[in-house]
Amino acid sequence: MRINRILLSAPLVVVALVIQVTVLARLQLPGAVPDLLLLVVLGLALVYGHVAGALIGFFAGLLADVAPPSDHAIGRYALVLCVIGYVAGLTKPDSGQHRSATVPLMVVIGAAIGSTLMYAGVGSLVGDTAARHVGLVGLLLSATLYDLLLAPFVVPLVMALARRTEHEALVGDGSGSPSGTSGSRDAGYGWLTTGTGLKASRGAMKSVRTGARIGSQRGGLLGKSARDKVGRIKGVKRL
């Protein structure tokens, strides 16, 4: 990934995890805990794409796996967020920006349901039966509800920050500029070179014409001098 993406993703992931562990987890809400870390990964993946989304999701999940008070196998949540970040990044349009909030909203709903199902499924494979005691249906409903309530405040903000870093990277690299400064500058250089070429061609044509006139004048003078010499010779012969 680009360095600007890392500089933005790392603080956002750390702050989201700290808030989730120290604040949201202690609210003692019924069902699941609001997953602020998931929303941050989704916001970054929607702007950066599937590759960056998978990498950010993996490292964010791995950090959540080792952060206290973690009571599950390391790598479990990393796998879940890696898959979620990859799938969410696939919805990134070619233009780089979604035209409406419908797609991000559907991504949040799908990610809330998918992450809960995947987390419970991986837990059943490793022998973690905590989801059975709480109830999978209750976890799905509560996780979806909490994520939808937090999404309007988190996802647009993360996406705006991610787009800003992408814009600064484009301007810094000189590869493109939304304001069109680079394109106008190139166009200006093109017009300058074109005008110089026209001026050069006009100068060349002018020099050619001047040379032709000088040559014709010299030829006329030479012809006149030759005729004078012939006339003198004829006069001598007559004498």
Side-chain angles (χ1 to χ4, degrees), residues 1 9-10 12-92 98 102-152 154-155 158-159:
M1 291 192 301
S9 303
L12 288 179
V13 167
V14 172
V15 171
L17 182 61
V18 170
I19 295 175
Q20 182 171 328
V21 172
T22 58
V23 178
L24 298 179
R26 297 185 179 183
L27 294 178
Q28 300 297 327
L29 296 175
V33 176
D35 201 341
L36 183 61
L37 189 62
L38 173 66
L39 297 178
V40 170
V41 172
L42 290 178
L44 295 173
L46 288 172
V47 178
Y48 292 156
H50 58 282
V51 177
L55 293 175
I56 295 173
F58 175 78
F59 287 107
L62 188 62
L63 185 62
D65 288 333
V66 299
S70 178
D71 57 351
H72 56 267
I74 296 177
R76 180 178 172 183
Y77 200 49
L79 175 62
V80 173
L81 287 187
C82 180
V83 176
I84 294 297
Y86 180 84
V87 176
L90 292 176
T91 63
K92 175 187 175 182
H98 296 84
T102 304
V103 175
L105 181 62
M106 298 301 296
V107 170
V108 171
I109 296 175
I113 298 174
S115 61
T116 305
L117 291 176
M118 289 181 60
Y119 189 81
V122 176
S124 63
L125 292 177
V126 298
D128 186 1
T129 59
R132 297 179 182 178
H133 300 290
V134 178
L136 185 59
V137 178
L139 286 176
L140 287 174
L141 294 177
S142 59
T144 306
L145 178 61
Y146 297 152
D147 291 344
L148 284 177
L149 291 176
L150 284 178
V154 178
V155 177
V158 174
M159 294 178 67

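Annotation for Ser115 and Leu38: closest pair OG-CD2, 3.7 Å, computed over non-hydrogen atoms. Residues Asp65 and Ala78 approach most closely at OD2-N, 3.1 Å, considering heavy atoms. The heavy-atom pair separating Val13 from Ala60 by the smallest distance is CG1-CB, 3.7 Å. The heavy-atom pair separating Gly53 from Ala45 by the smallest distance is CA-CB, 3.7 Å. For the pair Leu46 and Met159, the tightest heavy-atom approach, listed with the atom from each and the gap, is CD1-SD, 3.8 Å. Nearest approach of Pro68 to Val21, heavy atoms of both residues: O-CG1, 3.5 Å.
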Test side-chain contact (heavy atoms from CB on, under 4.5 Å) on Ser9 and Tyr48 and set out the steps.
-> CA-CA 11 Å; Ser9 303; Tyr48 292 156; 3.9 Å; yes

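Distance check, rounded to the nearest 0.5 Å: CG of Asp35 to OH of Tyr77 gives 3.0 Å. Note that OG1 of Thr144 is 10.0 Å distant from CG of Leu139, once rounded to the nearest 0.5 Å. Here the SG atom belonging to Cys82 is positioned 11.0 Å from the CD1 atom belonging to Ile56, to the nearest 0.5 angstrom. With values rounded to the nearest 0.5 angstrom, His50 atom NE2 is found 10.0 Å from Leu55 atom CG. Taking CG of Asp147 as the reference point, atom OG1 of Thr116 lies at 7.0 Å (rounded to 0.5 Å). One distance of note links CD1 of Ile109 with CG of Leu148; it measures 5.0 Å at 0.5 Å rounding.
Remark: Val158 engages Leu12, Val40, Leu44, Val154 in a side-chain contact (heavy atoms from CB on, under 4.5 Å) (not counting sequence neighbours).
Without hydrogens or angle criteria, Arg76 side chain to Tyr119 main chain gives a donor-acceptor distance under 3.5 Å.
Looking at Leu24, Ile19, Leu39 one by one, the single match for side-chain contact (heavy atoms from CB on, under 4.5 Å) with Pro34 turns out to be Leu24.
Between Ile84 and Val41, the closest side-chain pair of non-hydrogen atoms is not below 4.5 Å.
Annotation: Tyr146, atom OH; neighbour count of heavy atoms from other residues, nucleotides and ligands within 6.0 Å is above 12.
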